[in-house]
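Worksheet: the structure to be examined is printed underneath.
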Amino acid sequence: MAAPDLPAAIQEFIDATNAGDTERFVATFTDDAYLNDWGREFHGSDGVRSWNETDNIGMKSHFDLVSVEPGDGPGAYTVTIKVTSNRFNGTGPFKFDLRGGKVASLVLS
């Protein structure tokens, strides 16, 4: 069940990760998406797919939503997610910028 204020694209990002569905996960992003994971930058669908393999579904990640807050502009959200995986375990902010119902930018820091 989606949280009341959680946009569908972010819910799908979480659900696709938890289902281990790479194609569904990559499809949540725009073709020109930007992803920054603690300074490591990834661009476009190929970049998202690469990050997904090394840091997300490829590491058997599971996401639990903690909270969602509106960001600084339209389509901007800071979502706190608890992550458990074979690589990283912890809780932290995921900063999303959405465009056209998809994730245009994601920054993890």
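Annotation for Asn86: atom CG counts as buried by contact number, over 12 foreign heavy atoms lying within 6.0 Å.
The residues Glu69 and Lys95 are annotated as not salt-bridged, no charged nitrogen and carboxylate oxygen being separated by less than 4.0 angstrom. Look at Asp97 and Lys102 and you find no salt bridge, because none of the NZ, NE, NH1 or NH2 atoms lies under 4.0 Å from a carboxylate O.
A distance of 9.5 Å separates OG1 in Thr17 from CD in Glu12, rounded to the nearest 0.5 Å. Separation of atoms CG (Asp72) and OG1 (Thr78) is listed at 7.5 Å; rounding is to 0.5 Å. With values rounded to the nearest 0.5 angstrom, Ile14 atom CD1 is found 5.5 Å from Leu6 atom CG. Note: Glu53 CD to Ile57 CD1 = 9.0 Å, rounded to the nearest 0.5 Å.
Scanning both residues, Tyr77 and Pro70, for their nearest heavy atoms gives CD2-CA, 4.2 Å. Thr30 and Ser45 make their closest contact through O-OG, 4.3 Å (heavy atoms, listed as atom of the first residue, atom of the second, distance). Contact record, Leu98 with Ala9: CD2-CB, 4.1 Å, taken as the closest heavy-atom pair.
With 3.5 Å as the limit, one finds no donor-acceptor pair spanning the side chains of Asn89 and Thr84. For the residue pair Asp37/Trp51, the side-chain donor-acceptor check at 3.5 Å is satisfied.
Thr80 is not listed as a side-chain neighbour of Phe94, based on a closest heavy-atom distance of 4.5 Å or more. Counting only heavy atoms from C-beta outward, the side chains of Thr91 and Val66 approach each other to under 4.5 Å. Looking at heavy atoms from C-beta onward, Asn56 lies out of side-chain contact with Arg87 at the 4.5 angstrom threshold. For the pair Asn36/Leu108, no side-chain contact is recorded, criterion being any heavy-atom separation below 4.5 Å from C-beta on. Counting only heavy atoms from C-beta outward, the side chains of Asp55 and Arg40 approach each other to under 4.5 Å.
Under the 3.5 Å distance criterion, the side-chain polar atoms of Thr54 are matched with a main-chain donor or acceptor of Ser50.
Aromatic pair Phe63/Phe13: ring centres closer than 6.0 Å.
Val68 and Val107 sit in two unconnected hydrophobic clusters of ILVMFWY residues. Membership requires side-chain heavy atoms under 4.5 Å apart, directly or through other members. Tyr34 and Phe25 are members of different hydrophobic clusters when ILVMFWY side chains are connected at heavy-atom separations under 4.5 Å.
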Go through the steps for Phe88 and Met59 under the test side-chain contact (heavy atoms from CB on, under 4.5 Å), then give the verdict. CA-CA 8 Å; Phe88 175 81; Met59 293 294 113; over 6 Å; no
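With sequence neighbours excluded, no residue forms a side-chain hydrogen bond (donor to acceptor under 3.5 Å, both in side chains) with Ser85.
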